[in-house]
Amino acid sequence: MSDVTEPDTNLWRVAADDPALHDVLVLVRAAFQDMDGRIDPPSSVHHLTVDSMQAHCRKGGEVWAIGQAPVGCMFLTPKPTALHLGKLAVREDRRGHGLCRALVDHAERRAIVLGLPALELETRVELNEIHRVFSRLGFTVVNTGTHTGYTEPTEYQLRKVISSSADS
């Protein structure tokens, strides 16, 4: 007989005043930790705070989490031509269980509700494993970006055009 229970995979929107924003911040920092020393310049995650997450929510952005004790999350920001997907994070011991796909699928549904035709995100050029993940999820590189003070591209801009049809 096993005491193992199924993990909580409930997807929910985290409100600006929800104390769970702290747990989301802890998750994001842990998930992005392996980028330290691999990407240049360092990740903006080091500047992320509960206050900045609250401001994101209050300005029309969304924070979504999987699990009441978050094991996955993402930030969504409506832009004029796409829904921007940022800070997608999955707890290390839950990777490979479809949570990233579930988050991206939900982002697609949110884009449709908001009347936006695509999802967009950025990923650092050094993170080949992340490029492969998003390629499998239907994203393509549409541009490169260069951080201030750098002469070579430091990030790829990815886009996924979505269909609003119910059978897609």
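All of these numbers come straight from a predicted model, not from anything done at the bench.
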So for atom NE2, which belongs to H147, do other residues, nucleotides or ligands contribute more than 12 heavy atoms lying within a distance under 6.0 Å?
yes

Do V90 and V104 belong together in a cluster built from hydrophobic side chains that touch within less than 4.5 Å?
yes

Any donor-acceptor pair under 3.5 Å linking the side chain of E120 with the backbone of R159?
no

Treating Ile, Leu, Val, Met, Phe, Trp and Tyr as nodes and any side-chain heavy-atom pair under 4.5 angstrom as an edge, say whether L99 and W12 lie in one connected cluster.
yes

How about L103 and L11: do any of their side-chain heavy atoms sit closer than 4.5 Å?
yes

Group every Ile, Leu, Val, Met, Phe, Trp and Tyr by side-chain heavy-atom contacts under 4.5 Å, then state whether L119 and V161 land in the same group.
no

Enclosure of E152 CD (heavy-atom neighbours >12, cutoff 6.0 Å):
no

Residues at least two apart in sequence or cross-chain that pass side chain to side chain donor-acceptor pair (under 3.5 Å) with H47, listed by chain then number, are none

From OG (S135) to CG (N128), nearest 0.5 Å:
12.0 Å

Would you give the length of the straight line joining atom CG of N10 to atom CD1 of I66, rounded to the nearest 0.5 angstrom?
9.0 Å

Validation row: L121, L88 side chains within 4.5 angstrom (heavy atoms):
no

List the steps, then state whether side chain to side chain contact (heavy atoms under 4.5 Å, CB included) holds for M35 with E126.
CA-CA 9 Å; M35 294 180 201; E126 299 94 339; over 6 Å; no

Backbone N or O of P153 within a donor-acceptor pair of the T144 side chain at under 3.5 Å?
no

For the atom pair CZ (R38) and CG (L127), what is the distance rounded to the nearest 0.5 Å?
5.0 Å

Heavy atoms only: give me the nearest R58-A16 pair and the separation to one decimal.
CG-CB, 3.8 Å

Considering only NZ, NE, NH1 and NH2 on the basic side and carboxylate oxygens on the acidic side, decide whether E62 and R13 come within less than 4.0 Å.
yes

Quick one about K87 and S44 (side-chain donor to acceptor, distance below 3.5 Å, no hydrogens or angles considered), yes or no?
yes

Counting N and O atoms only, with roles assigned by atom type, does the side chain of R124 sit under 3.5 Å from a partner on the main chain of P41, one being a donor and the other an acceptor?
yes

Residue list, ring-ring contact (aromatic ring centres under 6.0 Å, His included) with F75, at least two apart or on another chain
H56

Show your reasoning for whether side chain to side chain contact (heavy atoms under 4.5 Å, CB included) applies to T140 and L158.
CA-CA 5 Å; T140 57; L158 286 72; over 6 Å; no

Do L85 and L27 share a hydrophobic cluster (ILVMFWY, side-chain heavy atoms under 4.5 Å, transitive)?
no

Quick one: ring-ring contact (aromatic ring centres under 6.0 Å, His included) pairs with a partner in residues 83-129, sequence neighbours left out?
W64-H106

Check: H46 and F32 side chains under 4.5 Å, non-hydrogen atoms:
no

If you look at every heavy atom in R136 and R101, which pair is closest and at what distance?
O-NH2, 4.0 Å

Test of understanding: clusters of I, L, V, M, F, W, Y form through side-chain heavy atoms closer than 4.5 Å, transitively. Do L116 and V142 belong to the same one?
no

Can a donor-acceptor pair be found, under 3.5 Å and without considering hydrogens, that links the side chain of R29 to the backbone of L48?
yes

Decide side chain to side chain contact (heavy atoms under 4.5 Å, CB included) for L21 and V63; before the verdict, give the C-alpha distance in whole Å, the side-chain angles of both, and the deciding distance to 0.1 Å.
CA-CA 8 Å; L21 282 177; V63 174; 4.2 Å; yes

Distance check, rounded to the nearest 0.5 Å: T49 atom OG1 versus L25 atom CG?
7.5 Å

Correct closest heavy-atom pair for D18 and A20 would be OD1-N, 2.7 Å

Say you draw a straight line from CD1 of I162 to CG of L83; how long is it, rounded to the nearest 0.5 Å?
7.5 Å

Over 12 non-hydrogen atoms of neighbours within 6.0 angstrom of CD in Q33
no

